[in-house]
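Read through the structure below, which is laid out as structure tokens, and then see the notes.
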Amino acid sequence: MRIVIGEDSALFREGLARLLADAGHEVVAKAPDAPSLVAAVDATGPDLAIIDVRMPPDHTDDGARAAREVRARWPQLGIVLLSQHVETRHSVELVAGGRFGYLLKDRVFDVDDFLDALRRVAAGGSALDPEVVGRLIGGLRTSDPLASLTAREREVLALVAEGRTNVGIARRLWLTERTVETHVGSIMSKLGLAATDEDHRRVLAVLVYLGQSR
């Protein structure tokens with residue numbers, strides 16, 4: 001993959017670049033702030049951008065805003081927010097386009113899992129840390145669209161939001177793939193999602209799920 005890194009910490013930026021190069025990827029640009037990140041993506045047209053949420057110039061949500069900007073210009077670009085902070089304002093919209101991941105730096109425990117998440121996002125999938133999912137959904141209200149879901153269906157939907165396939169969900173929950181398919185079908189029906197492209201339906205279901213934090 002051709003990758004752009006947006007990270008203001010020089011040590012972390014260079015360490016990540018070395019890790020990616022050792023894994024066989026090409027780091028085509030390294031940006032220390034949000035404006036140079038946007039410029040680097042425009043100049044190089046990478047497959048994936050790894051972006052810290054809090055970057056200069058403001059050190060608030062500059063990275064997340066830059067992610068939205070490059071997604072608008074490059075809809076097929078894979079984006080992974082890799083941060084110590086959970087940002088909710090821009091993340092739900094980014095999930096809608098697919099090819100999106102949100103991982104917390106201090107919860108990346110395995111290099112192979114991290115690299116697999118990058119490949120999954122670049123291929124069109126998603127990779128959301130469970131803690132990020134939890135922070136995004138917040139407390140569920142009784143009037144929300146998820147109120148009709150069973151506890152098991154919410155558990156399945158949470159794993160869908162992490163970007164897991166039915167096979168991956170089955171392994172995590174010790175269920176058969178057919179049982180997971182039944183749960184997913186029930187979730188789609190209860191959320192009123194029409195039988196259209198399955199990947200699109202899964203994205204819509206995740207949006208309903210994450211949208212409760214707004």
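No experiment lies behind these values; they were computed from the predicted model shown.
When side chains are defined from C-beta on, Arg18 does not count as touching Val27, because their heavy atoms never get closer than 4.5 Å. In this structure, the side chains of Leu173 and Glu155 come closer than 4.5 Å at one or more pairs of heavy atoms. Side-chain atoms of Thr150 and Arg154, non-hydrogen and from C-beta on, never get closer than 4.5 Å to each other. Put simply, the side chain of Ile187 does not reach to within 4.5 Å of the side chain of Val160, judged on heavy atoms. Pro32 has its side chain out of reach of Pro56: every pair of non-hydrogen atoms, C-beta onward, lies at least 4.5 Å apart. With a 4.5 Å cut-off on side-chain heavy atoms, Val28 and Ile3 do not count as touching. Put simply, the side chain of Met1 reaches to within 4.5 Å of the side chain of Arg119, judged on heavy atoms. Considering only heavy atoms from C-beta on, Leu82 stays 4.5 Å or farther from Ile5 through its side chain.
Between the NZ atom of Lys30 and the CG atom of Leu37 there is a distance of 14.5 Å, given to the nearest 0.5 Å. Note: Asn166 CG to Thr182 OG1 = 10.0 Å, rounded to the nearest 0.5 Å. Within the model, atoms CG of Asp61 and CZ of Arg68 stand 9.5 Å from one another, a figure rounded to the nearest 0.5 Å. Atom CG of Asp129 is separated from atom OG of Ser83 by 11.5 Å, given to the nearest 0.5 angstrom. Atom CG of Leu191 sits about 6.5 Å away from atom OG of Ser148, to the nearest 0.5 Å.
Judged by distance alone, with hydrogens and angles left aside, the side-chain atoms of Asp110 form a donor-acceptor pair with the main-chain N or O of Asp113 at under 3.5 Å. Between the side chain of Ser189 and the backbone N or O of Gly185, no donor-acceptor pair lies under 3.5 Å. A distance-only check finds a donor-acceptor pair linking the side chain of Arg99 to the backbone of Ala122 [under 3.5 Å].
One hydrophobic cluster, built from ILVMFWY side chains closer than 4.5 Å, holds both Val4 and Met55. Residues Leu81 and Leu128 are members of one and the same hydrophobic cluster, defined by side-chain heavy-atom contacts under 4.5 angstrom among Ile, Leu, Val, Met, Phe, Trp and Tyr. Tracing side-chain contacts under 4.5 Å through hydrophobic residues (I, L, V, M, F, W, Y), one never reaches Ile79 starting from Phe12; they form parts of separate clusters. Side-chain heavy atoms closer than 4.5 Å link hydrophobic residues (I, L, V, M, F, W, Y) into clusters, and following such links, even through other members, never connects Val41 to Leu118. Hydrophobic clustering of Ile, Leu, Val, Met, Phe, Trp and Tyr side chains at less than 4.5 Å, counting indirect connections, unites Phe114 with Val121.
Electrostatic pairing of Asp8 and Arg54 does not count as a salt bridge here, judged by no charged N lying under 4.0 Å from a carboxylate O. We find that Asp47 and Arg2 are not joined by a salt bridge, their nearest charged nitrogen and carboxylate oxygen being 4.0 Å or further apart. Using a 4.0 Å cut-off between charged nitrogen and carboxylate oxygen, Glu69 and Arg73 count as a salt-bridge pair. Salt-bridge formation is detected for the pair Lys190/Glu153: a Lys NZ or Arg NE/NH1/NH2 atom is positioned less than 4.0 Å from an Asp or Glu carboxylate oxygen.
Remark: Arg172 engages no residue in a salt bridge (Lys or Arg N to Asp or Glu O under 4.0 Å) (not counting sequence neighbours). In terms of the salt bridge (Lys or Arg N to Asp or Glu O under 4.0 Å) criterion, residue partners of Asp62 (sequence neighbours excluded) are, by chain and number, Arg65.
Atom CZ of Arg107 is surrounded by more than 12 heavy atoms from other residues, nucleotides or ligands within 6.0 Å.
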Show your working on side-chain contact (heavy atoms from CB on, under 4.5 Å) between Arg13 and Asp52 and close with a plain yes or no.
CA-CA 10 Å; Arg13 186 173 63 244; Asp52 191 6; over 6 Å; no
Is there a salt bridge (charged side-chain N to carboxylate O under 4.0 Å, His left out) between Glu7 and Lys105 once you walk through the steps?
CA-CA 12 Å; Glu7 167 63 55; Lys105 290 179 180 178; 2.8 Å; yes
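When each of Ile169, Leu149, Val184 is tested with Leu157 by the rule side-chain contact (heavy atoms from CB on, under 4.5 Å), just one qualifies, namely Leu149.
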